[in-house]
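Since we're looking at a predicted model, the values are computed, not measured.
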Amino acid sequence: MAPERVALLTVSIWLFLVGCLCDQNVYPAVGALFVHELNTEDYQQQFLNKSGNVRTHPFSFYANLEGFPDLPQWLRYTQRSPWHSAYLYGSPTKPGKEVIEVTVYNRRTYEIFQEKIIFYIRSAADVPHLYQAEFMIQNMDVEEMLLPEAQHNFQIPLQDVWNTERLSVINITSALDKGGRVPLPLPGHKEGVFIKVGSVVPFPECFYKTQSPTIRQQCQAGLKPELCMIPAALDFSIDWCNVSLVDKSEPSPTPYSSGALEWEVEFNPPSDDLGETHYLSDYLLTLLLPILIAVLLCVLLSYIMCCRREGVEKRDAETSVIQLVHQQSIFSNTEELRNMASSRDVPRPLSTLPMFNVRTGQRTSPMELSGDSARVPLILSQQ
């Protein structure tokens, strides 16, 4: 192997180890916008092909707070595509130290390496911004507004309207993070971005007009009012219906209701010595009352089943008497018909004659029968 290639390979390995092991220190301040760019070009030198030439690779990043799966609440991450740079941005809320782990994925060779970004968050040195205004810019994406040039181009004309040079950008938020809709994948369609600026100087009069009922009615009707006439409106399409103002110069109303205790009032908790508590009455009410109701129900049911059968027995007796009378009348009528049949002299009907004996071929004369002919059965026994 040629000495030049050996030296180049040694340098590349050294750069790779340095890139993996060294940490980046950043110093954001509380209440001020912080933007950290993860430039893909800075990581291209980590991956060299066999010929020793740098080859363009697509990268994607994954960032999380050390020891946790997500980022801090104030810090956001965005990357348009693996060919674009990624950004960590946000506005710190309190001083301290936070370590962010960044994992870099090579989308072509599937190699990864990690690095750490240490945030040393400083306290706010300037006077706090008592007057804060947030604007919605419709024709920008969040990564376009994170560039210092875009912030400067928006801040300078706004200072003329605000009539102050003590104006600073506090925070930038994508409209998608506030519930905005994803735009169509067409040229000129942007997702929108919110930019918050603050100052110690009160708001101009035209800012207060955005909160007036007249402007609110126009916004609800679908109209797009134009206010303040900011020269930057040619480059930044400001939605005046989405302007929010925060005035911290006046004390905010207490979030407690009127029934809340005042700070000056001393709270005296109740004493623990409440005496003995007797539960006998509760026990009797809980146990004996259901038993008493069950007993009353049993007595009522027994009375209905046992003591209310007089009518049933009376009806049964009456039914039996009626049946006996009916049978007696049938028997008496039958005897009367038999007596009448024995006393008549007319020839007997053919239905009363004895049946011809098929086996013997004999026919018994009915005149030979003795006794009451009416009592002779209609069909004689076959002998």
Side-chain angles (χ1 to χ4, degrees), residues 11-48 54-126 140-152 168-174 176-178 191 193-196 198:
V11 171
S12 63
I13 295 176
W14 179 81
L15 290 175
F16 177 78
L17 294 176
V18 170
C20 293
L21 299 178
C22 67
D23 299 334
Q24 301 184 36
N25 299 329
V26 293
Y27 302 91
V30 175
L33 177 66
F34 169 79
V35 180
H36 180 75
E37 181 181 3
L38 300 174
N39 195 343
T40 56
E41 296 181 357
D42 297 338
Y43 299 95
Q44 297 293 341
Q45 60 184 353
Q46 306 292 342
F47 303 94
L48 303 177
V54 178
R55 186 181 180 184
T56 303
H57 295 268
F59 295 101
S60 61
F61 303 87
Y62 176 77
N64 64 283
L65 183 64
E66 186 179 26
F68 296 89
D70 298 325
L71 290 172
Q73 188 175 4
W74 64 270
L75 190 62
R76 296 183 178 90
Y77 165 81
T78 183
Q79 185 184 19
R80 182 60 54 179
S81 72
W83 299 99
H84 293 82
S85 298
Y87 295 92
L88 292 171
Y89 65 99
S91 179
T93 56
K94 60 181 180 180
K97 176 184 176 182
E98 293 182 351
V99 180
I100 304 299
E101 296 178 342
V102 178
T103 304
V104 185
Y105 295 88
N106 189 326
R107 303 298 293 272
R108 176 167 294 166
T109 63
Y110 304 103
E111 297 178 87
I112 64 172
F113 65 95
Q114 293 181 336
E115 65 177 359
K116 293 183 180 180
I117 303 176
I118 303 177
F119 286 76
Y120 294 96
I121 304 174
R122 298 175 286 107
S123 301
D126 299 334
M140 299 286 287
D141 289 331
V142 62
E143 61 269 9
E144 297 175 346
M145 204 64 193
L146 292 176
L147 299 177
E149 296 81 5
Q151 299 177 30
H152 179 76
S168 60
V169 179
I170 298 177
N171 200 3
I172 292 178
T173 307
S174 172
L176 301 181
D177 295 337
K178 290 197 173 186
E191 63 188 30
V193 61
F194 286 89
I195 178 170
K196 180 184 289 187

Does Phe61 have any ring-ring contact (aromatic ring centres under 6.0 Å, His included) partners at least two apart in sequence or in another chain, and if so, which?
Tyr43
Acceptor/donor pairs from residues 25-36 side chains to any protein atom, 3.5 angstrom cut, sequence neighbours excluded:
from, atom 1, to, atom 2, distance (Å)
His36, NE2, Gln24, OE1, 3.4

Across all chains, not counting sequence neighbours, the side chain to side chain donor-acceptor pair (under 3.5 Å) partners of Tyr77 are Gln79
Going from NE2 on His152 to CG on Leu147, what distance comes out if it is rounded to the nearest 0.5 angstrom?
13.5 Å
Test: salt bridge (charged side-chain N to carboxylate O under 4.0 Å, His left out). Region: residues 62-73. Which pairs qualify, not counting sequence neighbours?
Glu66-Lys116
Qualifying salt bridge (charged side-chain N to carboxylate O under 4.0 Å, His left out) pairs with a residue from residues 26-35, counting only residues at least two apart or across chains
none
Nearest 0.5 Å please: distance from the CZ atom of Phe119 over to the CG atom of Leu75.
5.0 Å
Distance in Å, His57 NE2 paired with Trp83 CH2, rounded so as to fall on 0.5 Å steps
8.5 Å
Under the rule for salt bridge (charged side-chain N to carboxylate O under 4.0 Å, His left out), what residues qualify as partners of Glu37, not counting sequence neighbours?
none
Please list, chain by chain and in numerical order, all residues satisfying side chain to side chain contact (heavy atoms under 4.5 Å, CB included) with Asn64, sequence neighbours excluded.
Tyr62, Glu101
Excluding sequence neighbours, so at least two apart, what forms side chain to side chain contact (heavy atoms under 4.5 Å, CB included) with Lys94?
none
Salt bridge (charged side-chain N to carboxylate O under 4.0 Å, His left out) involving Arg80 - partner list, sequence neighbours excluded
Asp141, Glu143, Glu191
Which value, rounded to the nearest 0.5 Å, describes the distance between Thr173 atom OG1 and Tyr89 atom OH?
6.5 Å
Thr103: what forms a side chain to side chain donor-acceptor pair (under 3.5 Å) with it, not counting sequence neighbours?
Gln114
